[in-house]
Amino acid sequence: MQPITTKLVKWYDSHHRILPWRISPSDRFHGQIPDPYRIWLSEIMLQQTTVEAVKPYFNNFTRKWPTVASLAAASQDDVLRAWAGLGYYSRARNLKKCADIVSNDYDGRFPSDVTALKALPGIGDYTAAAIASIAFDIPVAVVDGNVERVITRLYAITPALPLAKPVIRTAMQELTPSKHPGDFAQAMMDLGATICTPKRPACVICPVNDNCQALKTSDPELFPVKSPKKEKPIRIGAAFVAVSPGNEVFLQSRVETGLLGGMAQVPTTAWTARTDGDTQIEAAPFAGQWAAVGSITHVFTHFELRLSVYKANSVSTSSGADGWWVKVENLHGEALPTVMKKAIAAAIPDAFAKRRKLE
DNA sequence: AACGCGGGGAG
DNA sequence: CTCCCAGCGTT
């Protein structure tokens, strides 16, 4: 029987996904070399984010900024505006920091060893291993959510994550070949994404089903074991959409760190634990004829937010608050996270309606 | 080790 | 609805 590694690499040769940042095994054979900048950019975007969500952002970024030097030359605001909607905005801030360091201290060339990569902002264990492996052919264990699932099933590893992480890493390291480690890492991830899925895995067509202890002795769907997660609290607040006579909306910048750091927002109250019967309308940023126009709900990673939305028309643009005014038709160019687009859309239903999605 | 940190797609 | 996705940084 062929080893697991051989089976997976053969499977990958014919069943790999076609992705904008990927060099196929065949193209690789014919001499194409991966661009570390594109590998890095894709890996940062893919952190906790699905391939389909990343594709349009990756294409847009590489069109605007084809090299790490061009990204370093951009402003953080430009980067945040292009990142808006993708989530986890500290990634965008670290992306810009990392581009600056590579451009200034490394002469525009990414380092190839794991330790130097991990020292860069936004690059941790997984991403360092992925870049070293895929872009530089370094045989290091690449462990993401897909690999955790495939490995725990192959070896029926019962301790819960994250306790099982060292065992998984060791097993992955032993499977990783010295020859084309990047293709093997991507083979494992493609297997996890397309066959060894979290629910209803397609074990019948899996190239390594003969090697799978979970399939042999248990149920693959029971792996990996994970520690229980806690429930999300609810927070409430109010958002204020001020509209000027010239059809402009008032925006502010959020503080640089923490939730939605550095992104744009309409003025809001603080977001507090749920209380009863408090309209909070007195917290409006301007004097004006504020009218309730509805409410929105938005789910963040660790809490659910319910915002009452208020709108005022004919607000003077000379009102003194710290921020800026943007014409409604230009809102799409701002660094607005999804929750703020929802709030604005509650007050101005067609604010984002005619905008095509990125492609 | 636990927590803060977005958004969306699949089942 | 729930789960989880090519995780990282801080505490």
Side-chain angles (χ1 to χ4, degrees), chain A residues 16-17 19-22 38-58 80 83-95 97-98 117-135 141-150 159-166 172 182 184-194 196-201 221 224 226-233 235 254-263 265 271 297-305 335-342 357:
Chain A
H16 62 86
R17 290 176 290 177
L19 302 173
W21 48 86
R22 173 176 286 176
R38 292 167 62 90
I39 301 302
W40 163 72
L41 177 61
S42 69
E43 292 299 344
I44 300 298
M45 288 183 165
L46 286 162
Q47 290 166 3
Q48 291 291 286
T49 309
T50 56
V51 163
E52 287 309 311
V54 165
K55 281 180 181 172
Y57 284 87
F58 178 84
L80 284 179
W83 198 277
L86 197 55
Y88 284 150
Y89 299 98
S90 68
R91 293 186 294 173
R93 302 193 296 272
N94 284 330
L95 187 82
K97 287 182 197 166
C98 184
L117 285 166
K118 265 195 70 170
L120 294 168
I123 299 182
D125 283 329
Y126 163 76
T127 306
I131 296 172
S133 167
I134 297 170
V142 177
V143 181
D144 75 326
N146 290 302
V147 171
E148 287 175 351
R149 191 166 55 252
V150 173
L161 287 170
L163 186 66
K165 190 91 177 223
M172 182 64 177
F184 174 71
Q186 294 180 90
M188 287 285 284
M189 294 190 279
D190 278 21
L191 187 79
T194 64
C196 196
T197 49
K199 294 179 182 170
R200 297 180 59 83
E221 206 167 300
K226 294 193 173 178
S227 40
K229 58 183 67 170
K230 45 186 255 186
E231 66 177 278
K232 295 180 184 186
R235 298 183 196 174
R254 293 177 61 83
V255 295
E256 277 294 305
T257 57
L259 184 71
L260 309 177
M263 300 294 285
Q265 67 167 17
W271 304 344
T297 296
H298 189 76
V299 180
F300 291 100
T301 307
H302 56 295
F303 66 93
E304 177 180 323
L305 178 63
L336 288 165
T338 298
V339 62
M340 293 301 158
K341 290 185 176 176
K342 286 184 186 175
K357 290 198 73 169

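Between A:His298 and A:Phe300, the distance separating the two ring centers is shorter than 6.0 angstrom.
In the set C:dC4, B:dC3, C:dA6, C:dA6 carries the atom at the smallest distance from any side-chain atom of A:Glu43. Comparing C:dC8, B:dG7, C:dC5 by their closest approach to the side chain of A:Pro198 singles out C:dC5. Closest to the A:Phe300 side chain, of the nucleotides C:dA6, B:dG6, B:dG4, is B:dG6. Ranking C:dC5, C:dG7, B:dG6 by closeness to the A:Gln47 side chain, first place goes to C:dG7. Considering only the side chain of A:His302, B:dC5 comes nearest among C:dC5, B:dC5, C:dA6.
In this entry the distance linking CG of A:Leu80 with P of B:dG6 reads 11 Å, nearest Å. Remark: P of B:dC3 and NZ of A:Lys229 are 13 Å apart, rounded to the nearest angstrom. With rounding to whole Å, A:Asn94 atom CG is found 12 Å from B:dC5 atom C1'. Distance, A:Leu259 CG to B:dC3 C1': 14 Å, rounded to whole Å.
Heavy atoms of A:Pro162 sit nowhere under 4.0 angstrom from any nucleic acid atom. When heavy atoms are screened at a 4.0 angstrom cut-off, A:Arg22 is found touching base atoms of the nucleic acid.
Within 3.5 Å, no donor on the side chain of A:Thr338 pairs with an acceptor on the base of B:dG7, nor the reverse. Residue A:Arg200 places no side-chain atom within donor-acceptor reach of the base of B:dA10, judged by atom type and a 3.5 Å distance cut-off alone.
By the salt bridge (Lys or Arg N to Asp or Glu O under 4.0 Å) test, A:Asp190 pairs with A:Arg17, A:Arg22, sequence neighbours left out. With sequence neighbours excluded, the residues forming a ring pair (Phe, Tyr, Trp, His ring centres under 6.0 Å) with A:Phe58 are A:Trp21, listed by chain and number.
Remark: A:Thr197 OG1 to A:Leu191 CG distance equals 9.5 Å, nearest 0.5 Å.
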